[in-house]
Amino acid sequence: MSAFPQLPVFEAQSQSRALIFGATHLDAELLPMLYETLREIGHTPCLNVIAYCRGGEVTVARRIGLLLHRFTDRLRLIVPHHCQSAGTVMALAAHEIVAGPMAMFSPIDPHLTGSDAQGEATAMSAQDVRMFPALAQDWFGLDASTARESALPLLCQSIAPAALTAFYRSTLGVRRIGEELLALHMSETPAAQRTAIVETLLFGYHSHDYTLTGEDLAAIGLNVRAEPALENPAWALARELRTRM
């Protein structure tokens, strides 16, 4: 990773080691570079990770969270700007999230590209499928029982059954990963409360593109706070990241 002139300034103000992590898309090719950088830093009591992420693979977000925990006793994620989709999943691993005024998180409902009954490629959210019975009730006046009974045959007419199964498996995977990452630092929190956090991020919003703030994450039970003293150096690093990426 290239040197960032603002990084020493940030470390001095935060009084702990810092790592800049920027990715437009999380994928497995990032892991060796991250591992080598963490080895250079070594184990540290507190590690600040200045994160900039637009999304990517959820399984890679899990591996990043687990890897970061191996090199620190307290993981602080500094989010000046984007930390969305798989980036929000990654954020669940942090003991503490420091969110700036422009911090942007998002729901974590899975998106898949599958095929419809005619074999045409289609992309949608698992939540789009899950909400179909509610649509039948709200828009077309079907009672709850009829809506549930008619949902699956109608969906299978337009979406290949294997794609529906893939949506279901993907949702189970995101739920499990979210709960695993929270348990890394919230082991004393009741499991039901950790599950509720993940369920809200999965199903509590009506669009994957809905922008969540740091205050929104704090409201559902995550340890999120603002730290005005770090806003200027963190934003300067985010600006430089955007330019380089």
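None of these values were measured; they are calculated from a predicted model.
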Kindly determine whether Glu199 and Arg194 satisfy salt bridge (charged side-chain N to carboxylate O under 4.0 Å, His left out), including the steps that lead there. CA-CA 9 Å; Glu199 291 292 307; Arg194 300 196 302 265; over 6 Å; no
Should His95 and His69 be marked as a side chain to side chain contact (heavy atoms under 4.5 Å, CB included) after you check the CA-CA gap, both sets of side-chain angles, and the distance that decides it?
CA-CA 10 Å; His95 293 84; His69 269 263; 3.4 Å; yes
Side chain to side chain contact (heavy atoms under 4.5 Å, CB included) for Asp109 and Thr171? Distances and angles first, verdict last. CA-CA 7 Å; Asp109 53 310; Thr171 300; over 6 Å; no
Can you list the steps and then say if Arg169 with Leu172 is a side chain to side chain contact (heavy atoms under 4.5 Å, CB included)? CA-CA 5 Å; Arg169 292 178 65 193; Leu172 292 179; 5.5 Å; no
- Task: Evaluate the side chain to side chain contact (heavy atoms under 4.5 Å, CB included) criterion for residues Leu19 and Asn48: first the C-alpha distance (whole Å), next the side-chain angles of each, then the deciding distance (0.1 Å), finally the verdict.
- Result: CA-CA 6 Å; Leu19 166 70; Asn48 288 310; over 6 Å; no
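Nearest approach of Ala18 to Ile50, heavy atoms of both residues: CB-CD1, 3.8 Å. Residues His208 and Ser106 come closest through the heavy atom pair O-CB, 3.7 Å. The minimum heavy-atom distance between Gly214 and Ala99, with the atom names listed, is CA-CB, 3.8 Å. When all heavy atoms of Pro110 and Ser170 are compared, the pair lying nearest together is CB-OG, 3.1 Å. Counting all heavy atoms, side chain and backbone alike, His185 lies closest to Leu181 at CD2-O, 3.5 Å. Closest approach of Ser125 and Phe167 over heavy atoms only: C-CE2, 3.8 Å.
The backbone N or O of Ala196 lies less than 3.5 Å from a partner atom in the side chain of Thr200, making a donor-acceptor pair. A donor-acceptor pair under 3.5 Å links the side-chain atoms of Thr195 to the main chain of Ala191, judged by distance alone. Counting only distance, with no hydrogens or angles, the side chain of Thr88 and the backbone of Cys83 share a donor-acceptor pair below 3.5 Å. Looking at Thr44, its side chain never comes within 3.5 Å of a backbone N or O of Leu47 through a donor-acceptor pair.
Atom CG of Asn223 and atom CG of Leu182 lie 11.5 Å apart (nearest 0.5 Å). Distance CG/Leu237 to CG/Leu7: 6.0 Å, rounded to 0.5 Å. One finds the CD atom of Gln137 at 7.5 Å from the CG atom of Asp143 (value rounded to the nearest 0.5 Å). Between atom CG of residue Leu92 and atom CG of residue Leu201 there is a gap of 6.0 Å, rounded to the nearest 0.5 Å. Between the NE2 atom in His81 and the CZ atom in Arg54 there is a gap of 7.0 Å [rounded to 0.5 Å]. Distance check: Ile108 CD1 to Ser85 OG gives 9.0 Å after rounding to the nearest 0.5 Å.
Remark: Arg130 qualifies as a cation-pi partner of Phe203 under the 6.0 Å distance and 45° angle criteria applied to the six-membered ring.
Within a 6.0 Å radius of CZ in Arg225, more than 12 heavy atoms belonging to other residues, nucleotides or ligands are found.
One hydrophobic cluster, built from ILVMFWY side chains closer than 4.5 Å, cannot hold both Met102 and Leu241; they sit in different ones. Connection of Met186 to Val89 is established within a shared hydrophobic cluster, with ILVMFWY side chains joined at heavy-atom distances below 4.5 Å, either directly or through further cluster members. Residues Leu202 and Met131 do not share a hydrophobic cluster, defined by chaining ILVMFWY side chains whose heavy atoms lie under 4.5 Å apart. Transitive grouping of hydrophobic side chains (ILVMFWY, heavy atoms separated by less than 4.5 Å) keeps Met104 and Tyr205 in distinct clusters. Tracing side-chain contacts under 4.5 Å through hydrophobic residues (I, L, V, M, F, W, Y), one reaches Val79 starting from Ile220; they form part of the same cluster.
Here the side chains of Glu231 and Pro101 are in contact, with some heavy-atom distance below 4.5 Å. Looking at heavy atoms from C-beta onward, Leu66 lies in side-chain contact with Glu180 at the 4.5 angstrom threshold. Counting heavy atoms from C-beta outward, Tyr35 and Phe71 have side chains that approach closer than 4.5 Å. Residues Thr37 and Phe21 are not in side-chain contact: their nearest non-hydrogen atoms beyond the backbone lie 4.5 Å or more apart. In this structure, the side chains of Leu230 and Arg76 come closer than 4.5 Å at one or more pairs of heavy atoms. Looking at heavy atoms from C-beta onward, Leu217 lies out of side-chain contact with Thr213 at the 4.5 angstrom threshold. Contact check for Cys46 versus Arg17: no side-chain heavy atoms found under the 4.5 Å cut-off.
Under a 4.5 Å side-chain heavy-atom cut-off, the cluster of Ile, Leu, Val, Met, Phe, Trp and Tyr residues that includes Trp139 is completed by Leu135, Phe140.
No salt bridge links Arg63 with Glu57; every basic N to acidic carboxylate O contact stays at or beyond 4.0 Å. Ion pairing of Glu179 with Arg175 is absent here, as no side-chain N (NZ or NE/NH1/NH2) approaches a carboxylate O to less than 4.0 Å. Between Glu240 and Arg242 there is no salt bridge, since none of the side-chain N atoms of the basic residue sits less than 4.0 Å from a carboxylate O of the acidic one.
Under the side chain to side chain contact (heavy atoms under 4.5 Å, CB included) test applied with Leu75, the options Leu77, Thr72, Asp73 reduce to a single match, Thr72.
Ring centroid separation for the pair Tyr52 and His82 comes in under the 6.0 Å cut-off.
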